[in-house]
Visitor: 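Here you go, one structure.
Since we're looking at a predicted model, the values are computed, not measured. Quick note: residue numbers are just sequence positions, from 1.
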Amino acid sequence: VFAAPLIVSTSCNHHCKSSHSTDEEPMICKLLSLVLFNLSLAHHLCALQLQQTSTYTAHEESQQRQEVVDLLEKSLRLYELCHSSLVFTNSGLLCSDLSIAVVVTNNVGEIHKQLHEFPVQNQHEHYRTAMACSEQLMQIFMFFSANGAPKRLEDFGDVLSNAMATLNG
C-alpha cells in the first residue's frame, strides 16, 4: 500500500493570480484529487490497522471483520472518485497527474487483493480487478521506459515491485 499522504505544493506565491478561470481548473482538479486520495488513504489505513489488531472472541472477530470490509469498501469508493477526478475538468480539458494515478491504481489493486481474502460477494471479481490494476501499472512503467522517461517513475520502485509480484502470483 502506498501509505504516504499526498501534499499540495505550488510554485506561486500568494500574489500569483491566474489570468483565466480555465487556467485554475487543472489546479482545482489536482487539489480535489489530493483531498480525495488522502481521505481514501485514511480509510484504507484504518482498515489495515483494525485488521492487524484483531484479537477478540469469534463473534467480535466476525463483527470486526465486517468493519474492516466496510472501511475497505468506503476507501475503494473514494479512490474511484479520486481516479475519476483525474480524468477531465468541467471544460473538457484532460486533468491527469501521473503520480496520483499510479498510487491510486496501486492502492485500488491492494484493496481488491484484501477483499479477495475475505468471504465477500464477487470474490473472484476482486482477484481479477487486482490483476487488472497490476497490469495497468506495468503498462504505465513500460510506456515510460520505452519512451525514454523512466525518471518520471523513479520514486515508484515499490509500486513496480508490488505490481510484478501480483502478476507473478
Visitor: To the nearest 0.5 Å, how far apart are CE in Met131 and OG1 in Thr129?
Guide: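 Atom-to-atom, Met131:CE and Thr129:OG1 are 11.0 Å apart.
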Visitor: Under a 3.5 Å distance rule, please check whether His43 uses its side chain to pair with a backbone N or O of Lys74 as donor and acceptor.
Guide: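 No, the answer is negative, given that no donor and acceptor are paired below the 3.5 Å cut-off.
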Visitor: Measuring from atom SG of Cys46 to atom CG of Leu71, what distance do you get when rounded to the nearest 0.5 angstrom?
Guide: 6.5 Å
Visitor: Between Glu110 and Asn106, is there a side-chain donor-acceptor contact under 3.5 Å, judged purely by atom types and distance?
Guide: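 No, Glu110 and Asn106 have no side-chain donor paired with an acceptor closer than 3.5 Å.
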Visitor: What closest approach, in Å, do Gly109 and Ala130 show between heavy atoms, and which atom pair accounts for it?
Guide: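 Answer, listing the atom of Gly109 first, then Ala130: O-CB, 3.6 Å.
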Visitor: Is any side-chain heavy atom of Tyr127 less than 4.5 Å from a side-chain heavy atom of His112?
Guide: no
Visitor: At what distance, to the nearest 0.5 angstrom, does CG of Leu36 lie from CZ of Arg77?
Guide: 13.5 Å
Visitor: Looking only at the side chains, is there a donor atom on one of Gln114 and His44 sitting less than 3.5 Å from an acceptor on the other?
Guide: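 Yes.
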Visitor: Evaluate whether atom CG of Asp70 has more than 12 neighbouring non-hydrogen atoms of other residues, nucleotides or ligands under 6.0 angstrom away.
Guide: yes
Visitor: Shortest non-hydrogen contact from Val108 to Cys133?
Guide: CG1-SG, 3.8 Å
Visitor: Can you give me the closest heavy-atom contact between Tyr79 and Val104, atom names plus distance?
Guide: O-CG1, 3.7 Å
Visitor: Are the side chains of His126 and Lys113 in touch, meaning some heavy atoms are under 4.5 Å apart?
Guide: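 In short, these two side chains do not touch, never coming nearer than 4.5 Å.
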Visitor: Using 0.5 Å steps for rounding, measure from the CD1 atom of Ile100 to the OG1 atom of Thr105.
Guide: 11.5 Å
Visitor: If I take atom OG from residue Ser161 and atom CG from residue Asn168, how far apart are they, to the nearest 0.5 angstrom?
Guide: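 Atom-to-atom, Ser161:OG and Asn168:CG are 11.0 Å apart.
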Visitor: Testing Asn107, Val159, Val103 for side-chain contact (heavy atoms from CB on, under 4.5 Å) with Val1, which one passes?
Guide: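 Checked Asn107, Val159, Val103 against Val1; only one passes side-chain contact (heavy atoms from CB on, under 4.5 Å): Asn107.
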Visitor: Do the side chain of Gln64 and the main chain of Gln51 share a donor and acceptor less than 3.5 angstrom apart?
Guide: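 Pair absent, no side-chain N/O of Gln64 close to backbone of Gln51.
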Visitor: What's the spacing between Ser75 OG and Leu39 CG if we round to 0.5 Å?
Guide: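 Ser75 OG to Leu39 CG: 9.5 Å, rounded to 0.5 Å.
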